[in-house]
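Inspection log for the structure reproduced underneath, given as structure tokens.
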Amino acid sequence: DIVFVSDAPGSRSVLWISRDNGQSWTMSNGSIAGIHAGVVQLTDGRLMAFGRGNDIQGKMPKSVSDNMGETWDYHPSMFPPIGGGQRPVLMRLNEGPLFFASFTGSRKEPEYMPIIDETEKKRLVTGLFTMNLNTAEPGGYLTACQSEDDIIHLISSQQHYAFNLEWLKTLPPAQAKI
């Protein structure tokens with residue numbers, strides 16, 4: 001099957017599924033909690049999604065389907081909710097693990113994850129924000145892919161980040177050298 005996700009009325013996302021190599025498409029009956037959802041198939045065949053909006057207990061909603069999107073169960077995820085101008089990414093890497101990229105707060109009250117560049121120095125990206133050990137891009141619509149050489153390309157509304165699984169698994173230095 002070919003499957004992609006799209007927004008639908010009512011602050012939700014739905015799946016579009018083709019079972020004939022893209023000749024025809026059917027929209028799933030069930031809906032994912034939130035818009036701009038990232039969806040991935042788990043190793044047991046179930047689908048899992050994280051969406052923006054429709055927060056559950058103050059967390060980003062996690063939707064799980066065991067019937068290709070016909071019905072979904074909703075749970076709070078471990079991630080903070082995101083707001084307008086933000087979109088998460090969820091995908092399976094070539095090596096097997098799941099990759100999730102998002103923001104750690106809404107644009108109104110942003111919190112920032114530590115991000116450093118390869119020189120371990122802060123970097124002025126635009127006049128809007130400075131990316132260093134303590135601040136990062138506050139928002140953007142994220143998308144990602146992984147190339148044949150296993151480089152993960154994460155694209156935001158303003159930046160292109162490129163890294164591999166080993167970099168993700170390596171802890172950053174305790175303090176940036178500025």
Side-chain angles (χ1 to χ4, degrees), residues 3-17 27-116 128-129 131 133-146 152-163 165 167-169 171-172:
V3 178
F4 74 89
V5 64
S6 72
D7 290 349
S11 296
R12 62 192 181 100
S13 298
V14 295
L15 298 180
W16 286 91
I17 304 167
M27 187 174 75
S28 62
N29 289 319
S31 60
I32 297 164
I35 59 172
H36 304 335
V39 181
V40 69
Q41 188 169 34
L42 303 175
T43 55
D44 64 7
R46 294 178 301 151
L47 299 176
M48 180 176 67
F50 296 111
R52 183 182 93 194
N54 297 340
D55 303 348
I56 302 173
Q57 299 172 7
K59 298 292 186 178
M60 182 182 290
K62 174 175 136 179
S63 304
V64 179
S65 175
D66 61 5
N67 55 17
M68 286 301 288
E70 291 304 303
T71 59
W72 294 86
D73 292 322
Y74 309 111
H75 310 278
S77 72
M78 62 188 293
F79 305 112
I82 56 175
Q86 298 175 328
R87 178 185 184 276
V89 164
L90 178 62
M91 62 187 269
R92 182 171 305 284
L93 298 178
N94 297 339
E95 299 90 342
L98 297 180
F99 171 74
F100 177 74
S102 186
F103 298 91
T104 60
S106 70
R107 290 178 70 97
K108 293 178 185 174
E109 298 179 23
E111 301 170 22
Y112 301 103
M113 295 183 73
I115 295 179
I116 58 172
L128 300 176
F129 68 94
M131 188 166 61
L133 185 62
N134 299 309
T135 61
E137 191 173 352
Y141 281 67
L142 300 176
T143 191
C145 69
Q146 189 175 23
I152 302 159
H153 297 272
L154 177 65
I155 309 296
S156 73
S157 296
Q158 299 183 35
Q159 294 295 308
H160 170 210
Y161 305 92
F163 46 87
L165 180 59
W167 183 84
L168 285 172
K169 293 169 31 175
L171 295 175

Taken in chain and number order and not counting sequence neighbours, the residues that satisfy side chain to side chain contact (heavy atoms under 4.5 Å, CB included) with E95 are L93, P97, Q146, D150, L165
Side chain to side chain contact (heavy atoms under 4.5 Å, CB included) filter on D7, not counting sequence neighbours, yields S13, I35, H36
Heavy-atom closest pair, residues [X] and [Y]:
X    : Y    : value
A49  : L90  : CA-CD2, 4.3 Å
V14  : G30  : CG1-O, 3.9 Å
W72  : S31  : CD1-O, 3.3 Å
Y161 : S156 : CE1-OG, 4.2 Å

Using 0.5 Å steps for rounding, measure from the [atom1] atom of [X] to the [atom2] atom of [Y].
X    : Y   : atom1 : atom2 : answer
F163 : F99 : CZ    : CZ    : 4.0 Å
M68  : S28 : CE    : OG    : 9.0 Å
N67  : L47 : CG    : CG    : 8.5 Å
S102 : R87 : OG    : CZ    : 10.5 Å
L15  : E70 : CG    : CD    : 9.0 Å

message: Could you go through I32 and V39, starting from their C-alpha distance and side-chain angles, then the distance that decides it, and tell me whether this counts as side chain to side chain contact (heavy atoms under 4.5 Å, CB included)?
response: CA-CA 9 Å; I32 297 164; V39 181; 3.6 Å; yes
- Task: Check step by step if side chain to side chain contact (heavy atoms under 4.5 Å, CB included) holds for W167 and I152.
- Result: CA-CA 10 Å; W167 183 84; I152 302 159; over 6 Å; no
As a quick check of understanding, evaluate side chain to side chain contact (heavy atoms under 4.5 Å, CB included) for M91 and V40, giving each step before the final call. CA-CA 6 Å; M91 62 187 269; V40 69; 5.5 Å; no
Contacts of R92 meeting salt bridge (charged side-chain N to carboxylate O under 4.0 Å, His left out) (sequence neighbours excluded), chain-then-number -> none
Contacts satisfying side-chain hydrogen bond (donor to acceptor under 3.5 Å, both in side chains) that involve residues 38-51 (not counting sequence neighbours) are D44-R46
For H153, the ring-ring contact (aromatic ring centres under 6.0 Å, His included) test, sequence neighbours excluded, returns H160
Please tabulate, one pair per line, all N/O donor-acceptor pairs under 3.5 Å involving side-chain atoms of residues 50-62, not counting sequence neighbours.
unit_1, atom_1, unit_2, atom_2, d
R52, NH1, Q86, O, 3.0
R52, NH1, Y141, OH, 3.3
N54, ND2, S11, O, 2.6

